[in-house]
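For the single chain, residues carry numbers from 1 onward in sequence order. Remember, it's 1-based here, ligands and their atoms both numbered in the order they're listed. What's counted below: heavy atoms across the whole structure, side chains too, no hydrogens, waters or symmetry copies.
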Amino acid sequence: MTTVLAHPNIALSKYWGKRPGEGNVPAVPSLSVTLSGVSTTTHVELRDDLREDRFVLDGEAQAGEPLARVVRLLDRVRAARGHTKFASVESRNDFPTASGLASSASGFAALALAAVRAFDLDWPAERVADLARQSSASAARSLFGGFVELEGENARPVAPAEHLPMKVLVCVTTEQKKAVSSTDGMKRSAESSPYFEAWVAKAPEMHARVKRALLARDFEALGAAAEASALAMHATAMAAGLVYFNGVTIEATRSVRALRDKGTPAFFTIDAGPHVKVLVRPEDAALAATWMRAVPGVLRVIEAGIGEGARVTS
Ligand code: PMV
């Protein structure tokens, strides 16, 4: 039995859209921060008595597409190892599925590492990340801690957590699951957003702006660049009819701007869902969390720090 712990990550420069063809390769580069304080734990056990793979998520046996995605990853590992044994996979998130944190990122990062180790393969982190990327591109970034870049097929660490300390406040705006998955949203954006080509052309520049600010340890420039990337991604999706925001999303972003106008550097980013993530310096986290909890419709605020990459715990 191999057990792996992995954290979700939040993109500061967003990936949205895939390169044409097979392989699940992002069309644009992205840069994320791996979170601490929230995690997925996954056990993989190879078993002689199984006639097929089994996957239990948060205590519930999975079937259909969720199971099929896990089986596809296991099949890749079996093919690489020349092995035919089936696996029992048990995974648990310590954060709610509707929290707006990408459980697919921490989930597939944990599964990729646990499967590789369970099948006794000694792959470097980059190769494990590539395996995770094929299931969920953002999962490739969760193999590493701190600040992480994903460019084409390659995920790599850019700077450790201490490089630019910050907190991410996850402001939950609904208990409902999102209506359109990011995979479908990207597909629809590519097919019908009049701004998709402009997004793909401009995203590398926006990514470079985020990376430059990070390397210069300029928190305010990083926050502003992250907001710009998120808004450009959403404008692209919106023009294809995909509005991921709800009313509280808008109110929460207005509150972040109001906090900033009062002198506290706080910036927002939003993924393919209605929740708002607020980036603040650690010393401003308590004040900003109280501020965001007061926004009507914000159900709770999860305070996350910067975390480590996926790791084997037993
Ligand atoms: O990991 P995927 O393929 O489900 O896509 C994630 C997309 C965003 O979270 C919206 C952006 C990102 O870069 O993480």
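At a cut-off of 3.5 Å, with distance as the only test, a side-chain donor of H207 or E149 sits close to an acceptor on the other residue.
Checking Y244, W16, Y15, F108 against atom 11 (C) of ligand 1, the nearest heavy atom belongs to Y15. Summarising the contacts of atom 7 (C) of ligand 1 with M186, K18, H234, K14, the nearest heavy atom is found in M186.
In the vicinity of A11, heavy-atom distances shorter than 4.0 Å reach the ligand 1 atoms 12 (C), 13 (O), 14 (O). Near S182, with a cut-off below 4.0 Å to any heavy atom, the atoms of ligand 1 are 2 (P), 4 (O), 5 (O). Near A137, meaning under 4.0 Å from one of its heavy atoms, ligand 1 places the atoms 1 (O), 3 (O).
Only the side chain of R141 comes within 4.0 Å of ligand 1, judged by heavy-atom distances. At a heavy-atom cutoff of 4.0 Å, ligand 1 is contacted by both the backbone and the side chain of S138.
A donor-acceptor contact shorter than 3.5 Å links the side chain of S142 to the backbone of H7. In terms of modelled atom types and a separation under 3.5 Å, the side chain of R293 and the main chain of V301 share a donor-acceptor contact. Using modelled atom types, one side-chain atom of R81 and one backbone atom of F119 make a donor-acceptor pair closer than 3.5 Å. Checking side-chain atoms of S91 against main-chain N and O of T42 turns up no donor-acceptor pair under 3.5 Å.
Residue contacts with ligand 1 leave out A105, since none of its heavy atoms falls under 4.0 Å from the ligand. Contact between T183 and ligand 1 is absent, with no heavy atom of the residue lying under 4.0 Å from the ligand.
With D94 as reference, V38 is the one residue of T41, T40, V38 to meet the side chain to side chain contact (heavy atoms under 4.5 Å, CB included) rule.
Under a 4.0 Å N-O distance rule, the pair K277/D271 qualifies as a salt bridge.
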